[in-house]
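One structure is given below, encoded as structure tokens.
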Amino acid sequence: MLEIKKLSKCFDDLEVLRDINLSVSKGEVIVIIGPSGSGKSTLLRCVNLLEQPTGGEILYLGQDITCLGKKVTDYRKHVGMVFQKFNLFPLKNALENVMYAPVKLNKVSHKEAREQAMELLRKVGLESKADTYPAALSGGQQQRVAIARALAMKPEILLFDEPTSALDPELVGDVLEVMKQLAGEGMTMIVVTHEMGFARDVADRVIFMDGGYIVEEGVPCDIFTQPKNERTKSFLARVL
């Protein structure tokens, strides 16, 4: 579904991504781990074109999306993103947040969007919070609304940028449970996270990044029990 070839990204003289090559198949769950500043979030932002790559290609279903120009909005309907900071509309309740994009971008009727939004809130365990505004929701609840909002566009791929890092520890489990459910249903996912248990249990492939490079990748069992690269070994020794 997605193929990244020789991707690079520079901010002035700082090279954040260097020669990134990665392919993602339908239904695959890829988890990206690594230290802060390694380029993980920048990679996701390039895939969603929130950042324009400096070089290389990002092919979605064979088309290089770095050349889309004004058509980027159509592309983002297929590749959704869940952010670390939730980014909900504060003056809209949970239901309205989930309804907004289908009505605004896909021209779905208000009735259909409402029914779909209620179903998605039910899916993430928040049907009873439909009329609640973000300020009255916990961080975990806000993040689950954000996931429902991303799902409302019926994306082919979902990107998660450290979705639990802003949450209190006791709220992390509910969000991870929703993500595990999506993975079990066959959603194609690329997840940047520090939750090593999630990476071990859910990922089809784990990618370790450092210094803007993909240093090592493999199935979770290999990465976590017998990593080949010394940098991977030292990172995991600190975080596990």
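Since this is a predicted model, take the numbers as computed values, not measurements.
- Screening Val175, Thr164, Val191 for a side chain to side chain contact (heavy atoms under 4.5 Å, CB included) with Phe198, the sole residue that qualifies is Val191.
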Show me the donor-acceptor pairs within less than 3.5 Å that the side chains of residues 3-15 make with the rest of the protein, sequence neighbours left out.
{"residue": "Ser8", "atom": "OG", "partner": "Gly55", "partner atom": "N", "Å": "3.2"}
{"residue": "Lys9", "atom": "NZ", "partner": "Gln52", "partner atom": "O", "Å": "2.8"}

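- Between Lys123 and Glu185 there is a salt bridge, since a side-chain N of the basic residue sits under 4.0 Å from a carboxylate O of the acidic one.
- Checked by atom type and distance alone, the side chain of Asn97 pairs as donor or acceptor with a backbone atom of Lys92 at under 3.5 Å.
- No side-chain donor-acceptor contact under 3.5 Å links Asp168 to the backbone of Leu171.
- Although no hydrogens or angles enter the test, the distance criterion places no donor-acceptor pair under 3.5 Å between the side chain of Ser38 and the main chain of Asp210.
- The salt bridge (Lys or Arg N to Asp or Glu O under 4.0 Å) search around Glu112 returns none, not counting sequence neighbours.
- The salt bridge (charged side-chain N to carboxylate O under 4.0 Å, His left out) analysis of residues 147-160, with sequence neighbours excluded, yields the pairs Lys26-Glu156.
- Note: the hydrophobic cluster containing Met118 also contains Ile147 (ILVMFWY, side chain heavy atoms under 4.5 Å, direct or indirect links).
- The 12-atom threshold is exceeded at NZ of Lys180, counting heavy atoms of other residues, nucleotides or ligands nearer than 6.0 Å.
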Report task. Under the side-chain contact (heavy atoms from CB on, under 4.5 Å) rule, what do Glu217 and Phe208 come out as? Steps first, then yes or no, please. Result -> CA-CA 6 Å; Glu217 66 176 286; Phe208 174 68; over 6 Å; no
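- Lys40 places no side-chain N or O within 3.5 Å of a backbone atom of Asp161 that could act as its donor or acceptor partner.
- Val145 and Leu176 fall within a single hydrophobic cluster, where Ile, Leu, Val, Met, Phe, Trp and Tyr are joined by side-chain heavy atoms under 4.5 Å apart, directly or via other members.
- Taking the charged nitrogens against the carboxylate oxygens, Lys111 and Glu115 do have a contact shorter than 4.0 Å, which makes a salt bridge.
- Atom CZ of Arg114 has 12 or fewer heavy atoms from other residues, nucleotides or ligands within 6.0 Å.
- Judged purely by atom type and a 3.5 angstrom limit, Asn229 uses its side chain to pair as donor or acceptor with the backbone of Arg231.
- A side-chain donor-acceptor contact under 3.5 Å links Glu28 to the backbone of Ser25.
- Listed here is the closest heavy atom pair of Val103 and Ala113: CG2-CB, 3.5 Å.
- No donor-acceptor pair closer than 3.5 Å links the side chain of Asn106 to the backbone N or O of Lys104.
- Criterion: ILVMFWY side-chain heavy atoms under 4.5 Å apart, direct or through other members. Under it, Val178 and Leu167 are part of a common hydrophobic cluster.
- With rounding to the nearest 0.5 Å, the separation of OH in Tyr60 from OG1 in Thr66 is 15.5 Å.
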Requested in this report: Decide salt bridge (charged side-chain N to carboxylate O under 4.0 Å, His left out) for Lys77 and Asp74; before the verdict, give the C-alpha distance in whole Å, the side-chain angles of both, and the deciding distance to 0.1 Å.
Outcome: CA-CA 5 Å; Lys77 294 177 183 178; Asp74 291 333; 3.5 Å; yes
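- No single ILVMFWY cluster, assembled from side-chain heavy atoms under 4.5 Å apart, contains both Leu61 and Leu158.
- A side-chain donor-acceptor contact under 3.5 Å links Arg144 to the backbone of Val124.
- Tyr213 and Leu22 fall into different hydrophobic clusters, defined by Ile, Leu, Val, Met, Phe, Trp and Tyr side-chain heavy atoms under 4.5 Å apart, directly or through other members.
- At least one donor-acceptor pair under 3.5 Å links the side chain of Arg18 to the backbone N or O of Gly211.
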